[in-house]
Amino acid sequence: MSFPTPTTTSPAAAPSTSVVAIAATAGERVVLVASGLTELAGTSLPTELDAAWLDQQHFSAKAGEVLALRQPGAATVLIVGVGSGDPEGWRSFGAAAVRHAGAGATLALVVGEAEAVEDATVGALLATYRFDRHRSGEPKAPLGSIVVVTDAEGAAQDVDAARVIAEAVHFAKDLINEPAGHLPPRELAERALQRCASKAHTTVEVWDGARIVAERCGALQGVAKGSIEEPRLVIARYEPEGATDDTFHAVLVGKGVTFDSGGLSLKTGAGMMTMKTDMTGAAVVLATVAACAELGVAVKVTAIAPMAENMPSGTA
């Protein structure tokens, strides 16, 4: 996991942090801060912002817009727009707060609305994503901590759900960003197995080249014939406890071509640049099954991910 585990606290028990983010909702003439607080960590927080002053700051509270207030000896206050306050606006709030907080910061997200807790936390956690596995030198310092300050009932569960969702997205992004030479079908299948098989009520089947031939998966076999790498087919199944034949069953199919050269009809050099991402569908559906298992959703979910390299050769 590449982000700090988020926590929740009430306003009265909020810890001292270096950055406090509060949400501003756009109105007709004024911007109201949806925090319900007056002070946090020794920092006075506004509850209403003057429209004329906001105009001078060129701040309209559109989603993700940030106005920073810095006071000597106190936490930096980020006034972050949420637009109309829809889910996308709250995700933008969390993301903008993380990006402006900077490396090593301790961040408090002040969320007054119960329905916004999960979205704000998801946005914040997704904004922490970095892929620096193959970079040389010292990695960039991560965000120090994230605490969601709220009185909303069920906030701890919402924040934990946000963590699960963000972990799934980060897992999929890591697979997508991995160079194709590091992620042939056998490696992609192995990472999927490691990710999904450890989850409760989840089983994973991995078909190798021989099984794919035996099962007469001709299209998958044909795509893989030009590569020295064997294809794989991964089937991950999640069934909630107590599931029956009548339980709703969602089946997700994701393409897992770990590199698509075009085969015998080679792509241009420019067209090759993004072909390591041709396995995005497989990464997404497998990450989804693992997340559904961890969230304990009440439906059955199956992910089917055929995996191959599409290469030219004498056997293509």
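Note that this is a predicted model, so its numbers are computed, not measured.
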Result block: side-chain N/O donor-acceptor pairs under 3.5 angstrom for residues 279-296, not counting sequence neighbours:
{"residue": "Thr280", "atom": "OG1", "partner": "Thr277", "partner atom": "O", "Å": "2.6"}
{"residue": "Thr288", "atom": "OG1", "partner": "Val284", "partner atom": "O", "Å": "2.7"}
{"residue": "Glu294", "atom": "OE1", "partner": "Lys199", "partner atom": "NZ", "Å": "3.3"}
{"residue": "Glu294", "atom": "OE2", "partner": "Arg163", "partner atom": "NH1", "Å": "3.3"}
{"residue": "Glu294", "atom": "OE2", "partner": "Arg163", "partner atom": "NH2", "Å": "3.2"}

Contacts under 3.5 angstrom, residues 246-257 side chains, donor-acceptor by atom type, not counting sequence neighbours:
{"residue": "Thr247", "atom": "OG1", "partner": "Thr244", "partner atom": "N", "Å": "2.9"}
{"residue": "Thr247", "atom": "OG1", "partner": "Thr244", "partner atom": "O", "Å": "3.3"}
{"residue": "His249", "atom": "NE2", "partner": "Thr302", "partner atom": "OG1", "Å": "2.7"}
{"residue": "Lys255", "atom": "NZ", "partner": "Asp278", "partner atom": "OD2", "Å": "3.1"}

Is it true that Glu187 and Arg191 make a salt bridge, defined as a side-chain N closer than 4.0 Å to a carboxylate O? yes
For the side chain of Tyr238 and the backbone of Ala200, is there at least one donor-acceptor N/O pair under 3.5 Å apart? no
Please, which pairs that meet salt bridge (charged side-chain N to carboxylate O under 4.0 Å, His left out) have at least one residue in residues 215-227, sequence neighbours excluded? Arg211-Glu215
Sequence neighbours left out, what passes salt bridge (charged side-chain N to carboxylate O under 4.0 Å, His left out) with Asp119? Give chain and number order. Arg91
Charged N to carboxylate O under 4.0 angstrom, Glu230 versus Arg232? yes
Any pair counted as salt bridge (charged side-chain N to carboxylate O under 4.0 Å, His left out), so long as it reaches residues 7-21, sequence neighbours left out: none
Below 4.5 Å, heavy atoms only, C-beta onward: do Phe259 and Met311 meet side chain to side chain? yes
Test side-chain contact (heavy atoms from CB on, under 4.5 Å) applied to Leu233 and Asp208, Val206, Ile304, the passing residue: Ile304
No-hydrogen, no-angle side-chain donor-acceptor test under 3.5 Å, Trp90 and Glu88: no
Indicate every side-chain donor-acceptor pair of residues 263-276 with a distance under 3.5 Å to a residue at least two apart or in another chain.
{"residue": "Thr268", "atom": "OG1", "partner": "Gly271", "partner atom": "N", "Å": "3.1"}
{"residue": "Lys276", "atom": "NZ", "partner": "Asn177", "partner atom": "O", "Å": "2.7"}

